[in-house]
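Take a look at the structure below.
Naming: A, B, ... by sequence-line order, numbering from 1 per chain.
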There are 2 protein chains.
Amino acid sequence: MQIIQHETFGELIRHCREEKNLPLRKVAAVLDVDTSTLSKMEKNLRHPNREHIEKLAELFGLNTEELRLAFLSDRVAYQLAQEPISEQVLRVAEEKIKYIRSKNIVQGVLEF
Amino acid sequence: MQIIQHETFGELIRHCREEKNLPLRKVAAVLDVDTSTLSKMEKNLRHPNREHIEKLAELFGLNTEELRLAFLSDRVAYQLAQEPISEQVLRVAEEKIKYIRSKNIVQGVLEF
DNA sequence: TTTATTTTTGACAAAATTAGTCCAAAATAA
DNA sequence: TTATTTTGGACTAATTTTGTCAAAAATAAA
């Protein structure tokens, strides 16, 4: 399955579910949540945790990382969508991440 | 004052305060919070709201946007610092923001 | 049509997170 | 020393987030 870049996490898992012709009921059972919760997740009204993402990835044959990418990028995008300075925020954030990581590396060993 | 890119929001406002030789007490009064709250803000243990940012910008003669940039980029950076895929997250988020904005523009009018 | 099944929605309580204060201790300056 | 500033922990209140339930709405099957 080819992931569309601007597809939200919710849209993505809904499309996967529809592709497999599964009712919410079935997928919700795998995640161990109510159908209502999953319905909201597909509408981005509830957010997945790591466990949800792992189970969904397994179920739909996706890479865990790409599902996590979809979720994390959604979160950042919605946090910044109304900010006129979003572009700069992303660039500065990228630099800060590099800086944080460089600080946490002591003689090649990661420390957190 | 020249803003250092990898300086956190907390570090930034502390440096500004020290430059003006103001005790926490004075700045906290402007923000209408306890010195303890401001101390934590300078250590990034509490976060500023829009009002705090505006008052701090005015007090230190900074642009509101650059202060907000410092705060928002911190938030994104700390959310993604432990994610191996942070770079991709930033790129996809950028695309999603463009997409969200394009959806919200109807005949040149912003709709939210 | 009916009937069964799936999906959506709002209301709600529980859980989790965040914010701000108080106060005492620690650090610093006078 | 003494005064002032800064810090940190404990705590409560406020806010946000989560998941469920139950009923309504939508869709599919008989």
Taking every non-hydrogen atom, the tightest pair across Ala77(B) and Ala93(A) = CB-O, 3.9 Å
Strand partner of dA15(C), provided both Watson-Crick or wobble distances fall under 3.5 Å | dT16(D)
Separation of Met41(A) atom CE from dT9(C) atom P, in whole Å?
-> 16 Å
What integer distance in Å separates Asn49(A):CG from dG19(D):C1'?
-> 12 Å
Counting only side-chain N and O atoms of Arg25(A), is one of them less than 4.0 Å from OP1 or OP2 of dT8(C)?
-> no
Considering just the side-chain nitrogens and oxygens of Ser39(A), establish if one lies under 4.0 Å of OP1 or OP2 belonging to dT8(C).
-> yes
Could you work out which one of dT8(C), dA10(D), dT20(D) sits closest to the side chain of Arg46(A)?
-> dT20(D)
Distance col, row Glu54(B):CD vs Arg68(B):CZ, nearest 0.5 angstrom, shows 9.0 Å
Reckon Thr37(B) has a side-chain N or O less than 4.0 Å from the OP1 or OP2 of dT21(C)?
-> yes
Quickly work out the Glu42(B) CD to dG20(C) P distance and round it to whole Å.
-> 15 Å
Between dT27(D) atom P and Arg14(A) atom CZ, what is the distance in whole Å?
-> 12 Å
Pick base, sugar-phosphate or nothing for Lys40(B), based on heavy-atom distances below 4.0 Å to the nucleic acid.
-> base
